[in-house]
Amino acid sequence: MKDRIIKFILMGLVCYGIYFAFANHIIYFGGTDFAILKKQKMSFNNTFNNYKSRNEIRYIGLENILRNEDLRAAGIGQEFVKRELISEEELEAAENKVDSEE
């Protein structure tokens, strides 16, 4: 009986872990710094992202990151500003550029 209860608890934890991965973006910024952003709709797309430095964001291109509607709607730009990886002006300029392309 005890083994069966432990199996149910473990299955519940695994199911919750899968649900958590489907429902959130997990953004890693290096070291122990990470952010968890709520997804607009549940999917496995863009669950794990890694942006360690300002140079990495410039290499990828802030506009390219913001073109991803899921990440943009979740607030990835504000997380970059909060962690001082970009300035508010850089975010506004990139958002305007992406908006003008659409």
### Message
If hydrophobic clusters are built from ILVMFWY residues whose side chains come within less than 4.5 Å, do Tyr16 and Phe48 share one?
### Response
yes

### Query
Hey, would you say the Phe34 and Phe29 ring centroids sit under 6.0 Å apart?
no

### Message
Quick check: Tyr51 with Phe80 (ring centres under 6.0 Å apart)?
### Response
yes

### Task
Would you give the length of the straight line joining atom CD of Glu92 to atom CG of Asn96, rounded to the nearest 0.5 angstrom?
7.0 Å

### Message
Is it the case that atom OH in Tyr59 sees more than 12 heavy atoms from other parts of the structure closer than 6.0 Å?
### Response
no

### Task
Indicate if Leu37 and Phe20 have the same hydrophobic cluster label, given that clusters are the connected sets of ILVMFWY residues with side-chain heavy-atom separations under 4.5 angstrom.
no

### Task
With the side chain counted from C-beta on, respond yes when Leu62 and Ile86 share a heavy-atom pair under 4.5 Å apart, and no when they do not.
yes

### Salt-bridge contact Asp99-Arg67 (side-chain N to carboxylate O under 4.0 Å)
no

### Query
Are the charged groups of Arg58 and Glu90 less than 4.0 angstrom apart, N to O?
yes

#### Entry: Minimum side-chain heavy-atom gap Ile27-Leu71 below 4.5 Å
yes

### Query
Do you reckon Ile5 sits in the same ILVMFWY cluster as Leu13, going by side-chain contacts under 4.5 Å, direct or chained?
yes

#### Entry: Non-hydrogen side-chain atoms of Lys97 and Leu66 separated by less than 4.5 Å
no

### Query
Please walk me through it: do Val81 and Glu79 pass side-chain contact (heavy atoms from CB on, under 4.5 Å)?
CA-CA 5 Å; Val81 171; Glu79 284 296 323; over 6 Å; no

### Query
Is there a path from Met11 to Ile18 through hydrophobic residues (I, L, V, M, F, W, Y) whose side chains come within less than 4.5 Å of each other?
no

### Query
When rounded to the nearest 0.5 angstrom, what is the spacing between CD in Gln78 and CG in Leu91?
5.5 Å

### Task
Return the minimal non-hydrogen interatomic distance between Ala74 and Gln40, and the atom names on each side.
N-NE2, 4.5 Å

### Query
Below 4.0 angstrom, N of the basic side chain to O of the carboxylate: do Arg54 and Glu84 qualify?
no

### Query
Are Ile76 and Phe44 connected in the hydrophobic side-chain network, where two residues link if heavy atoms are under 4.5 Å apart?
no

### Message
Walk me through whether Tyr28 and Asp33 qualify under side-chain contact (heavy atoms from CB on, under 4.5 Å).
### Response
CA-CA 6 Å; Tyr28 177 68; Asp33 190 17; over 6 Å; no

### Message
Quick check: closest heavy atoms across Arg83 and Ala35, and the distance to 0.1 Å?
### Response
NH2-CB, 3.8 Å

#### Entry: Residues, nucleotides or ligands: over 12 heavy atoms within 6.0 Å of Tyr19 OH
no

### Summary
Per side-chain contact (heavy atoms from CB on, under 4.5 Å), His25 is matched among Asn68, Asp70, Asn45 by Asp70

### Non-hydrogen side-chain atoms of Arg72 and Glu95 separated by less than 4.5 Å
yes

### Query
Are any of the side-chain heavy atoms of Glu56 and Leu85 separated by less than 4.5 Å?
no

#### Entry: Test side-chain contact (heavy atoms from CB on, under 4.5 Å) applied to Asn24 and Thr47, step by step
CA-CA 6 Å; Asn24 296 292; Thr47 296; over 6 Å; no

